[in-house]
Every structure is written in C-alpha cells, then in structure tokens.
Novice: 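Take a look at the following structure, please.
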Number of protein chains: 2
Amino acid sequence: MQLSQSTEYAIHSLFYLAVNNNRQTVLVSEIARAQNISESYLAKIFQGLVKAGLVRSYRGAKGGYHLAVPAEKITLKNIMQAVEGTSPIYTCDHDRRDCDFVVDCLITATMKKAEKKMYEILDKITLEKLIENAEELRNQMKWLDSIPK
Amino acid sequence: MQLSQSTEYAIHSLFYLAVNNNRQTVLVSEIARAQNISESYLAKIFQGLVKAGLVRSYRGAKGGYHLAVPAEKITLKNIMQAVEGTSPIYTCDHDRRDCDFVVDCLITATMKKAEKKMYEILDKITLEKLIENAEELRNQMKWLDSIPK
DNA sequence: TATATTTGGATAATAATTGTCCGAATTATC
DNA sequence: GATAATTCGGACAATTATTATCCAAATATA
Ligand code: SF4
Ligand code: SF4
C-alpha cells in the first residue's frame with residue numbers, strides 16, 4: 001500500500017515545472033538533473049503525464065515541457081491518478097467465492113469510502129499551494145532553484 | 001496504489017473466522033476451501049496474522065485457528081496493516097534532492113493527512129460490524145456458510 | 001504410537017516496477 | 001535545405017514484489 005517511486009518523481013517534477021512556468025519550456029534533462037534522478041526514466045513518466053493532460057510537450061529545438069493547465073488547477077490527486085491509474089484500491093474476487101455482489105457489502109463500501117476520503121484531501125492541494133508553501137520553506141528546498149543549462 | 005490480494009484474502013478469512021468464532025478452532029484448509037483460494041498460500045498469510053496478534057494458532061490434532069481478540073476489536077485497519085505493514089504510503093527521497101526536510105513540507109503533510117483520513121474510516125469498521133451486515137445480505141454471501149469437514 | 005495440524009525455511013513462478021537505449025518524428029535556427 | 005535539439009514510441013533488461021508450492025520439524029490429541 002505504498003505509492004510508487006514514479007509518483008514521487010512526478011509530483012516533484014510537476015512542482016519544479018510549476019515553479020518555472022514563467023519560462024517557455026523546461027527540458028526533461030534539467031528536471032531530472034535538479035532532482036538527481038534518472039533522465040531516461042523520467043522521460044517515460046513525462047510521456048504519461050502528457051497523455052493524462054497535465055503537461056504539454058514541444059518537440060524539437062527549444063522544445064521541452066510546460067504545464068498544460070494552470071498550477072492552481074492541478075492537484076495531488078490529479079498527479080497521483082495520472083501516474084498510478086484510477087482503479088480502486090480494493091477489488092474483491094466475488095466470482096471465486098460464492099458471492100453475488102448485488103449490493104455493496106460493508107467491506108466494499110468501507111473501502112470505497114476510505115479511498116474517497118483520501119482523495120478528497122489530496123484534491124485540495126494544488127501545485128499553486130505547494131509553491132506558496134515553498135516560499136515559506138525556501139531555505140530547506142534548494143532543489144527548486146532552477147538550474148542553468 | 002492497490003491493496004495486495006493477500007489483504008483481500010486476509011479480510012475474508014478473518015471474516016470467516018469471526019463468523020465461526022463459536023467453534024473451538026477452524027482449519028486453514030477449510031477457510032481456503034470456503035473461498036476457493038490456495039491453501040498453502042493462505043497458510044503463509046495466517047503465519048503473519050498470528051505474529052500480528054490477530055489470530056491464535058493451535059498446533060496438532062484438533063488444532064487450527066481462532067481469533068486472538070473479540071471480533072468487535074478487530075478493524076479493517078488492523079487487518080490491512082497486519083498484512084501490508086505500517087510504513088507510510090508516501091515517503092520522499094530528500095537526500096537525493098537538495099532538500100533539508102526539517103519541517104514537513106506541504107506534500108508530506110498532505111500525504112500524511114490523506115493516509116490518516118483513510119485509516120480513520122477503516123478503523124471504524126470491525127469484524128463484528130461485518131457480521132451484522134452479513135446478516136442483512138446473507139443471501140448474497142453464501143461462501144460464509146461454514147463448510148463441514 | 002499414529003494422526004493431525006501449524007511453523008519456518010527454501011524455492012519457484014509470475015508480475016510489477018524501475019531503468020536503458022535507439023531510431024523516428026518534429027521543430028527551430030542557421 | 002542542412003543541422004542540431006528535443007520529444008515519442010517501442011523494445012528490451014534488471015530488479016524487486018507478489019503469489020504460490022513443498023517439505024521437514026515441532027506440537028498436540030487420542
Ligand atoms: S463479501 Fe463483499 S468483498 Fe467479499 S466477495 Fe462478497 S461482495 Fe466481495
Ligand atoms: S519537497 Fe518535501 S517531499 Fe519533496 S524531497 Fe523535500 S521534503 Fe521531501
């Protein structure tokens with residue numbers, strides 16, 4: 001029940017993008033370098049983020065990425081679901097058992113509710129809010145300083 | 001971000017145990033058969049549940065398992081953590097970045113809060129409540145009927 | 001003693017995650 | 001038009017986690 005490292009990469013990379021959203025584009029190589037993570041792997045993650053509609057890509061010289069929507073519209077929930085998918089945290093195999101599954105049983109209903117509550121919290125925090133928080137904690141988050149090419 | 005199948009097995013097996021808690025012991029073979037799942041794999045899961053203090057085991061003839069604590073004291077949270085562990089859903093690699101991590105940043109704080117909310121919901125539902133719900137939905141949950149040896 | 005059962009360890013099969021590489025497509029600039 | 005810079009898509013490989021099986025040893029009953 002842990003988020004994949006890809007999600008941790010994606011959150012931080014979008015955060016970095018949001019901080020640098022005034023620039024035309026940012027290279028994936030720069031984003032990887034800023035965090036000291038694998039560039040080729042991050043490139044793959046970004047392909048997914050494009051498909052999910054969170055970032056826009058620009059190919060060719062002077063290309064790169066920037067946010068597809070404003071930073072105040074992208075939440076931690078959005079990012080998490082873009083990377084991890086949207087399938088529910090709990091699914092039961094009722095076929096395997098002798099279980100009709102007409103009405104949600106209390107197990108299923110509870111799992112759905114727990115998941116919903118979790119996403120409600122995550123949906124409240126946007127990249128914009130992360131930036132505001134970063135202003136307060138700036139001295140502890142040096143990796144956000146943009147890296148010159 | 002999905003629960004492992006082991007957790008699904010554990011929840012249903014403990015549920016089955018709770019329903020049959022009037023009996024002295026229940027065999028792991030019976031529990032597996034009732035759900036049509038692998039007996040040897042379930043046996044391994046039960047070893048973990050013993051260590052977690054959720055069930056008690058009895059070796060030898062007439063042995064088996066029963067709940068270590070009353071059904072109203074075992075929650076879905078307890079079961080989930082017994083199987084999946086208690087490490088947080090989100091951990092960041094601040095060493096890899098240039099991040100001091102003195103105070104929780106908003107990412108970390110939000111993840112902790114989301115996790116907490118999720119567990120709060122799961123901690124409200126006990127095996128006892130599942131049994132009550134099963135009485136209502138009895139016709140759809142035939143697998144709970146205890147299997148004669 | 002014979003039988004029933006969990007325990008713990010070893011091992012294997014399968015699937016998911018993480019990571020790399022490269023040629024093709026695209027775009028900007030000279 | 002040629003060149004350089006960049007993402008894209010697909011294939012592939014390495015590593016780790018999950019799911020599963022088996023068996024000898026320990027324990028308990030009768
Ligand atoms: S009891 Fe509920 S969770 Fe379990 S198999 Fe039936 S419907 Fe699914
Ligand atoms: S910004 Fe927050 S989550 Fe990211 S590395 Fe720093 S402390 Fe961790």
Novice: How long is the line joining OH of B/Y58 and P of C/dT7, in whole Å?
Specialist: 11 Å
Novice: Figure out the CE/C1' separation between A/M1 and C/dA16, and round it to whole Å.
Specialist: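 That distance rounds to 16 Å.
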Novice: Establish, yes or no, whether a centroid distance under 6.0 Å links the rings of A/W143 and A/H12.
Specialist: yes
Novice: Looking at the base of C/dG9, is there any donor atom on it, or on the side chain of B/K44, that sits under 3.5 Å from an acceptor on the other one?
Specialist: yes
Novice: Rounding to an integer number of Å, can you tell me how far A/E8 CD sits from C/dT18 C1'?
Specialist: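 To the nearest whole Å, that distance equals 13 Å.
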Novice: C/dG19 P sits how many Å from A/I45 CD1, rounded?
Specialist: 8 Å
Novice: Of all the choices, C/dT7, C/dG19, D/dA20, which nucleotide is nearest to the side chain of B/S40 once you look at every atom?
Specialist: D/dA20
Novice: From C-beta outward on A/K62, which listed nucleotide comes closest to its side chain: D/dT7, C/dT6, C/dT29?
Specialist: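 Of the candidates, C/dT29 comes closest.
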Novice: Of the listed nucleotides (C/dA28, C/dG19, D/dC22), which one gets closest to any side-chain atom of A/Y9?
Specialist: C/dG19
Novice: Measure from the side chain of A/V50, starting at C-beta and using heavy atoms only, and say which of C/dT6, D/dA28, D/dC8 lies closest.
Specialist: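 Of all the options, the side chain of A/V50 is nearest to D/dC8.
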Novice: Tell me which nucleotide among C/dG19, D/dT7, D/dA20 gets nearest to the side chain of A/Q5.
Specialist: C/dG19
Novice: Any chance the rings of A/F46 and A/Y65 have centres within less than 6.0 Å?
Specialist: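 That pair passes the under 6.0 Å test.
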Novice: Measure NE2/B/H66 against C1'/C/dT6 and give the value in whole Å, please.
Specialist: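 Interatomic distance, NE2 of B/H66 to C1' of C/dT6: 14 Å.
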Novice: Between the side chains of B/E120 and A/K113, is the shortest nitrogen-to-carboxylate-oxygen separation below 4.0 Å, so that they form an ion pair?
Specialist: no
Novice: Sequence neighbours excluded, which residues qualify as salt bridge (Lys or Arg N to Asp or Glu O under 4.0 Å) partners of B/K62?
Specialist: none
Novice: Would you indicate which nucleotide in D/dT21, C/dA28, C/dA4 comes nearest to any side-chain atom of B/A61?
Specialist: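 For B/A61, the side-chain atoms sit closest to C/dA4.
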Novice: In whole angstroms, how far is the P atom of D/dA11 from the CD atom of A/Q47?
Specialist: 13 Å
